[in-house]
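Notes follow once the structure below has been shown.
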Amino acid sequence: MASNNSEIEKEFRFFRVYKDGRVELFHPHWDTIPPFDDPITGVRSKDVTISSEPPVSARIFVPRVTTPGQKFPLLFYIHGGGFSIMSAFHPSHHEFCSTVVAKAGVIVVSVEYGLFPSRPIPACYEDSWAALQWVAGHVNGNGPDPWLNDHTDFNRIFIGGNSAGGNISHTLAVRVGSIGLPGAKVVGVSLVHPFFGGTEDDQMWLYMCPTNGGLEDPRLKPPPEDLARLGCERVLIFVAENDHLNVVGKNYYEELKKSGWGGEVEIVETAGEVHNFHLRNSSTDKAVELVNKFVSFIKHE
């Protein structure tokens, strides 16, 4: 008879849980790359520590600066990975952010937040909120980072993310709408293949969040009152036809329209594509289309 050490109790999309409580991630390791200055695009990047306890950091990207004191909008970006894997420093996320910076003329702050199982949910939400507040702490030009002090237009802040990062982006927009982000104006929120409740992954999220409120938890199933108070003017949602999260992205779009929120919302569906296809191969025509649409949302074209 097998011991409890090898008996599986639960199995989810990103990990399995053994009866002795051990968690085994299916993809426990991922590549990371250091920040660097791109001589072709002029995009510069560096890593900063936001908090040592809990550990929160970010990669900051700035476009080519042509005049002293030049101001740019800022995108606060949250990577995906099922709340349990991946990094702001992964090559695919670095490339995505760098491309957006070069094409949109925008500063990007890409947050490195706590992941399950070492830091269960709600660490991801709290870390991201702390990082967004850290960004807003530069509004008077005396924050800890000179790039943000010198070059951020705090009247043009955007929040965005893919998959789990899309879900976290939504919660940040709700907080901004509820309690504000002093000195900063969040103009738009962009959700790429966002995770919300309504699929088989619900039970995985509930397991990762020991303090969850069940299937009606507002982070899993945003209620109308949260949607109505989103603290931005515009929302752009991307869904992919063959993504298991397609339906929840569309549901979010429909619920937002019905909520009484006063902003503009648009949804873009990519035919024949899967979850996060633009990160798997950024050179395809459809991936370039997605990035260009993401960029035009920031530039308000």
Side-chain angles (χ1 to χ4, degrees), residues 8-17 23-28 30 77-87 90 92-93 96 113 115-117 120-122 124-125 128 160-171 173 189-209 212-223 226-227 235-257 265-282 284-287 289-291 293-294:
I8 298 170
E9 182 177 6
K10 300 176 185 292
E11 189 156 305
F12 302 110
R13 186 178 301 276
F14 288 93
F15 58 90
R16 64 170 60 101
V17 183
V23 173
E24 180 186 5
L25 296 174
F26 296 139
H27 303 286
W30 47 87
Y77 188 77
I78 307 120
H79 73 81
F83 307 95
S84 57
I85 64 170
M86 290 298 287
S87 168
H90 187 271
S92 64
H93 289 119
F96 176 81
Y113 56 87
L115 300 173
F116 176 89
I121 297 172
C124 55
Y125 300 111
S128 298
N162 67 291
S163 195
N167 175 277
I168 297 169
S169 296
H170 156 78
T171 69
V189 173
S190 186
L191 313 178
V192 184
H193 309 160
F195 168 85
F196 290 104
T199 72
E200 63 182 0
D201 290 337
D202 291 5
Q203 295 302 317
M204 179 182 71
W205 187 92
L206 292 172
Y207 186 86
M208 289 189 287
C209 183
N212 70 75
L215 292 174
E216 298 299 312
D217 190 296
R219 296 161 296 186
L220 194 60
K221 184 181 179 182
D226 277 6
L227 294 168
V235 171
L236 174 63
I237 304 160
F238 293 91
V239 296
E241 182 184 14
N242 297 331
D243 182 1
H244 74 288
L245 295 179
N246 176 288
V247 64
V248 300
K250 289 180 175 177
N251 288 346
Y252 184 91
Y253 170 74
E254 295 297 339
E255 293 299 319
L256 181 57
K257 286 199 300 181
V265 58
E266 180 182 0
I267 190 167
V268 175
E269 182 171 20
T270 307
E273 285 295 352
V274 298
H275 189 67
N276 284 342
F277 70 91
H278 63 296
L279 298 175
R280 300 167 193 254
N281 184 350
S282 62
T284 67
D285 289 345
K286 289 179 179 178
E289 279 181 29
L290 186 152
V291 170
K293 180 65 177 179
F294 193 101

Nearest heavy atoms of Val189 and Ala173, plus distance in Å = CG2-CB, 3.9 Å

For Pro218 against His170, the heavy-atom pair lying closest together | O-NE2, 4.3 Å

Provide the closest heavy-atom pair for His93 versus Ser87 in the form atom of the first, atom of the second, distance.
-> ND1-O, 3.2 Å

Could you tell me if the ring centre of His79 sits under 6.0 Å from that of Phe96?
-> no

Within a strict 4.5 Å, meaning less than it, do heavy atoms of the Asp201 and His244 side chains meet?
-> yes

Closest approach of His193 to Leu290 (non-hydrogen atoms, all atoms of both residues) = NE2-CD1, 4.2 Å

Would a 4.5 Å heavy-atom cut-off, applied to side chains only, mark Ser84 and Met204 as touching?
-> no

Are any of the side-chain nitrogens in Lys257 or Glu254 under 4.0 Å away from the carboxylate oxygens of its partner?
-> yes

Fit a plane to each ring of Phe195 and Phe83, take the angle between them on a 0 to 90° scale, and name the class: parallel (under 30°), tilted (30 to 60°) or perpendicular (over 60°).
-> perpendicular

For the ring pair Phe116 and Phe15, is the centre-to-centre distance below 6.0 Å?
-> yes

Determine, for Glu241 against Lys286, whether the closest basic-nitrogen to carboxylate-oxygen distance falls under 4.0 angstrom.
-> no

Heavy-atom closest pair, residues Leu191 and Gly166 = CD2-O, 3.3 Å

Calculate, to the nearest 0.5 Å, the distance between atoms OH and CD1 belonging to Tyr252 and Ile237 respectively.
-> 6.5 Å

Between Asn162 and His278, do the side chains contain an N or O donor and an N or O acceptor separated by less than 3.5 Å?
-> no

Flag the pair Pro122 / Arg219 as yes when at least one side-chain heavy-atom distance between them is below 4.5 Å, and no otherwise.
-> yes

Find the distance between CG (Asp226) and CG (Leu256) and round it off to the nearest 0.5 Å.
-> 11.5 Å

Side chain to side chain contact (heavy atoms under 4.5 Å, CB included) between Val239 and Tyr253: does it pass, once the steps are laid out?
-> CA-CA 10 Å; Val239 296; Tyr253 170 74; over 6 Å; no

Any donor-acceptor N/O pair, Asp202 side chain to Gly198 backbone, under 3.5 Å = yes

May I ask you to test the Arg16-Phe26 pair for a side-chain heavy-atom distance under 4.5 Å?
-> yes

Hey, is the main chain of Tyr125 close enough, under 3.5 Å, to the side chain of Ser128 for a donor-acceptor pair?
-> no

Taking atom CG of Asn281 as the centre, does the number of heavy atoms from other residues, nucleotides or ligands within less than 6.0 Å exceed 12?
-> yes

So how far is it from Ile168 CD1 to Ile121 CD1, rounded to the nearest 0.5 Å?
-> 8.0 Å

Any chance you could lay out the side chain to side chain contact (heavy atoms under 4.5 Å, CB included) test for Arg280 and Val274, step after step, and finish with the verdict?
-> CA-CA 10 Å; Arg280 300 167 193 254; Val274 298; 4.0 Å; yes

Side-chain contact test, heavy atoms from C-beta onward, threshold under 4.5 Å: evaluate it for Glu24 versus Ile8 and give yes or no.
-> no

So, the side chain of Asn167 versus the backbone of Phe196: is there a donor-acceptor pair under 3.5 Å, distance only?
-> no

Could you go step by step and tell me if Met208 and Phe14 meet the side chain to side chain contact (heavy atoms under 4.5 Å, CB included) rule?
-> CA-CA 11 Å; Met208 289 189 287; Phe14 288 93; over 6 Å; no

At what distance, to the nearest 0.5 angstrom, does CG of Leu220 lie from CG of Asn212?
-> 8.5 Å

Give the intermediate values and the outcome of side chain to side chain contact (heavy atoms under 4.5 Å, CB included) for residues Val17 and Tyr207.
-> CA-CA 10 Å; Val17 183; Tyr207 186 86; 3.1 Å; yes

Going from OG1 on Thr284 to CD on Glu273, what distance comes out if it is rounded to the nearest 0.5 angstrom?
-> 6.0 Å

For Asp243 against His275, the heavy-atom pair lying closest together = OD2-ND1, 2.7 Å

